[in-house]
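Below: the structure, in structure tokens.
Note that these values count all heavy atoms, side chains included, but never hydrogens, waters or copies made by symmetry. Every chain is numbered from 1 and lettered A, B, ... according to where its sequence line falls, protein lines coming before strand lines.
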Amino acid sequence: MKSEPNEFSLDDLRNSPDGTACWDGVRNYQARNFMRDDMKVGDQMFYYHSRIAPVGIVGVAEIVREGYPDHTAFDPDDPHFDPKSDPDNPRWFMVDVRFVKAFSRCLTLTELKACEALEGMMVTRRGQRLSVQPVTPEEWKTVLRLADA
DNA sequence: GCCAACGTTGGC
DNA sequence: GCCAACGTTGGC
């Protein structure tokens, strides 16, 4: 899951009450579907810092609450307000995530791209903007191994 | 800050 | 339902 560190960094998550926060503001249907339909309590995720260098995976978090309506879509004062999301039929969903660990360093996108085993990983593909992406078990292990190296 | 890639919107 | 125009994302 991607986040711009100046918006909400892994440290921000760690410093949140109980290391837990809701992953609000996602306004892409594919990303929403992953959160609404596929993510289960106990699932782990990589925390990816986008936009601001060094760009890459900085740690691990886990899902502690499964998909539920993103209330920020209902709030006209919220930057992620979406008038088309009806509280009776919510368009956008989010999950709650809890801090698990920070890598000793940022595993940069450059490194991920340089790793042969991660050639098929979504985040290494050109033009891939999706902010919530699936990771295969093999990719998961490979990334953890790189992070420990 | 640039701009390529992508997703969404809306006229037809 | 096509597709041009537009807005956004995100690496660089």
Practice task
Ignoring hydrogens and angles, answer whether the base of C:dT8 and the side-chain atoms of A:Arg129 contain a donor-acceptor pair closer than 3.5 Å.
Solution key: yes

Problem - Position toward the 5' end of DNA chain B (nearest nucleotide), A:Arg51 or A:Gly127 - result: A:Arg51

Exercise for the section: Could you tell me the separation between the NE2 atom of A:His80 and the C1' atom of C:dT9, rounded to a whole number of Å? Expected result: 13 Å

Exercise for the section: Check whether any side-chain nitrogen or oxygen of A:Tyr48 sits under 4.0 Å from OP1 or OP2 of C:dG11, and answer yes or no. Expected result: yes

Practice task
Could you tell me how the ring of A:Tyr47 sits relative to the ring of A:Trp23: parallel (under 30°), tilted (30 to 60°) or perpendicular (over 60°)?
Solution key: perpendicular

Completion exercise
Rounding to 0.5 Å, atoms NZ (A:Lys113) and OG1 (A:Thr108) come to a distance of 10.0 Å

Fill in the blank from the handout: A:Arg27 atom CZ is separated from B:dT9 atom P, nearest whole Å, by 13 Å

Practice task
Using a strict 4.0 Å threshold on nitrogen-to-oxygen distance, state whether A:Asp70 and A:Arg32 make a salt bridge.
Solution key: no

Practice task
Report the distance from atom CG of A:Leu130 to atom P of C:dT9, rounded to the nearest whole Å.
Solution key: 12 Å

Handout entry: Separation of C:dG10 P from A:Gln133 CD (nearest whole Å)
Key = 9 Å

Exercise for the section: Would you tell me if any nitrogen or oxygen in the side chain of A:Arg126 comes within less than 4.0 Å of OP1 or OP2 on B:dA5? Expected result: yes

Practice task
Could you grab the distance from atom CG of A:Leu10 to atom CD1 of A:Ile57, nearest 0.5 Å is fine?
Solution key: 11.5 Å

Practice task
Starting at atom CD1 of A:Ile52, determine the distance to atom P of B:dC2, rounded to an integer number of angstrom.
Solution key: 18 Å

Exercise for the section: State, without any angle test, whether A:Asp12 and A:Ser9 hold a side-chain donor-acceptor pair at a distance under 3.5 Å. Expected result: yes

Exercise for the section: Let me know the distance between CZ of A:Arg32 and P of B:dG7, rounded to the nearest Å. Expected result: 15 Å

Problem - Residue A:Lys84, side-chain atoms from C-beta onward, closest of C:dG11, C:dG10, B:dT9 - result: B:dT9

Fill in the blank from the handout: Whole-Å distance, A:Lys113 NZ to C:dG10 P, equals 13 Å

Exercise for the section: Specify the separation, in whole Å, of atom CG of A:Leu109 and atom C1' of C:dT9. Expected result: 14 Å

Practice task
Indicate whether OP1 or OP2 belonging to C:dG10 is found under 4.0 Å from a side-chain N or O atom of A:Lys2.
Solution key: yes

